[in-house]
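All remarks here apply to the structure that follows.
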Amino acid sequence: METRIDPMRNEVGAKWARHVISSNTAITDSALPQAVQELVRIRASQINGCGGCLDMRTKDAAAAGESQVRINLVGAWRETTVYTEAERAALELTEQGTRLADSAGVTDEAWADAAKHYDEDQLMALVALICTINAFNRLNVITRPPGGEYRPGQFG
């Protein structure tokens, strides 16, 4: 696969990325648990088929202390015992929020389940996180930067 355009070497792409990355501070500074943030990023990137994001997110999760078992099983989270009920609720919301074209949107049941585990600020951080990772997935799927070369922390 050949990269179509490198957004970070393009003035418009780099400017856009800086804005989206800076907005991510609201998420990372929130009370939404770091483990949930990592799992959500991985799951959305799996659904969207974003190799570059999966490379980054799985390596960053491992560097942050996430276990290899939990990283490896995210794609089959329903059939495992390694995630908490709160993490499962976040993963369900992630799937529904990522697959909007495949359904009628996010169900009231998925929202209510997430709301049992997260307060309003955490829910907003979770929604913002789902939006942000989907934006980056789409950028990378369209422009096609290959995965495999990322080093944890290389982008700051």
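- Without hydrogens or angle criteria, Q96 side chain to T107 main chain gives a donor-acceptor distance under 3.5 Å.
- The shortest side-chain heavy-atom distance between W111 and L123 falls under the 4.5 Å cut-off.
- Residue V69 is grouped with residue L91 when hydrophobic side chains (ILVMFWY) are merged at heavy-atom distances under 4.5 angstrom, including chains of intermediate members.
- The pair R70-E38 fails the salt-bridge criterion, with no side-chain N (NZ, NE, NH1 or NH2) lying under 4.0 Å from an Asp/Glu carboxylate O.
- Under a 3.5 Å cut-off, the side chain of E87 and the backbone N or O of V36 do not form any donor-acceptor pair.
- Across all their heavy atoms, T94 and A90 have their closest contact at OG1-O, 2.7 Å.
- The local environment of CZ in R78 is crowded, with over 12 non-hydrogen atoms from other residues, nucleotides or ligands closer than 6.0 Å.
- Interatomic distance, Q46 CD to R57 CZ, rounded to the nearest 0.5 Å: 13.5 Å.
- With respect to the salt-bridge test (charged N to carboxylate O, under 4.0 angstrom), the residues K116 and E85 do not qualify.
- A110 and V106 get closest at one heavy-atom pair: CB-CG1, 4.3 Å.
- Q37 pairs with exactly one of I42, I27, L126, D60 by the side-chain contact (heavy atoms from CB on, under 4.5 Å) rule, that one being I27.
- Under the 4.5 Å side-chain heavy-atom criterion for grouping Ile, Leu, Val, Met, Phe, Trp and Tyr, W77 is not connected to I130 through any hydrophobic cluster.
- Hydrophobic clustering (side-chain heavy atoms under 4.5 Å, transitive across Ile, Leu, Val, Met, Phe, Trp, Tyr) groups L54 together with L39.
- Under the side-chain contact (heavy atoms from CB on, under 4.5 Å) criterion, K15 pairs with R18, H19, not counting sequence neighbours.
- Every residue two or more places apart in sequence or in another chain that forms a side-chain contact (heavy atoms from CB on, under 4.5 Å) with D55 is listed here: K59, Y150.
- Minimum heavy-atom separation, R4 to R144: NH2-NH1, 2.8 Å.
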**OP:** May I have the step-by-step check of side chain to side chain contact (heavy atoms under 4.5 Å, CB included) for Q68 and I71, ending in yes or no?
**Re:** CA-CA 5 Å; Q68 201 60 55; I71 292 169; 4.0 Å; yes

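- Grouped with I133 in a hydrophobic cluster is no other residue, since no side-chain heavy-atom contact under 4.5 Å to another Ile, Leu, Val, Met, Phe, Trp or Tyr is found.
- Evaluation of the side-chain hydrogen bond (donor to acceptor under 3.5 Å, both in side chains) test over residues 123-142, restricted to residues two or more places apart or in two chains, returns S45-N137, N48-N134, N48-N137, T98-N134, N134-R138.
- Note on L129: it clusters hydrophobically with L93, by side-chain heavy-atom contacts below 4.5 Å among ILVMFWY residues.
- Counting only heavy atoms from C-beta outward, the side chains of F136 and P7 never approach each other to under 4.5 Å.
- No continuous path of hydrophobic side-chain contacts links V12 to L139 [ILVMFWY only; heavy atoms under 4.5 Å].
- I5 pairs by the side-chain contact (heavy atoms from CB on, under 4.5 Å) definition with N10, T143, not counting sequence neighbours.
- Evaluation of the side-chain contact (heavy atoms from CB on, under 4.5 Å) rule for R99 yields R43, I47, E95, D102 as partners, not counting sequence neighbours.
- Counting heavy atoms from C-beta on, the side chains of M8 and P145 never come closer than 4.5 Å.
- Nearest heavy atoms, A89 versus H117: CB-CD2, 3.7 Å.
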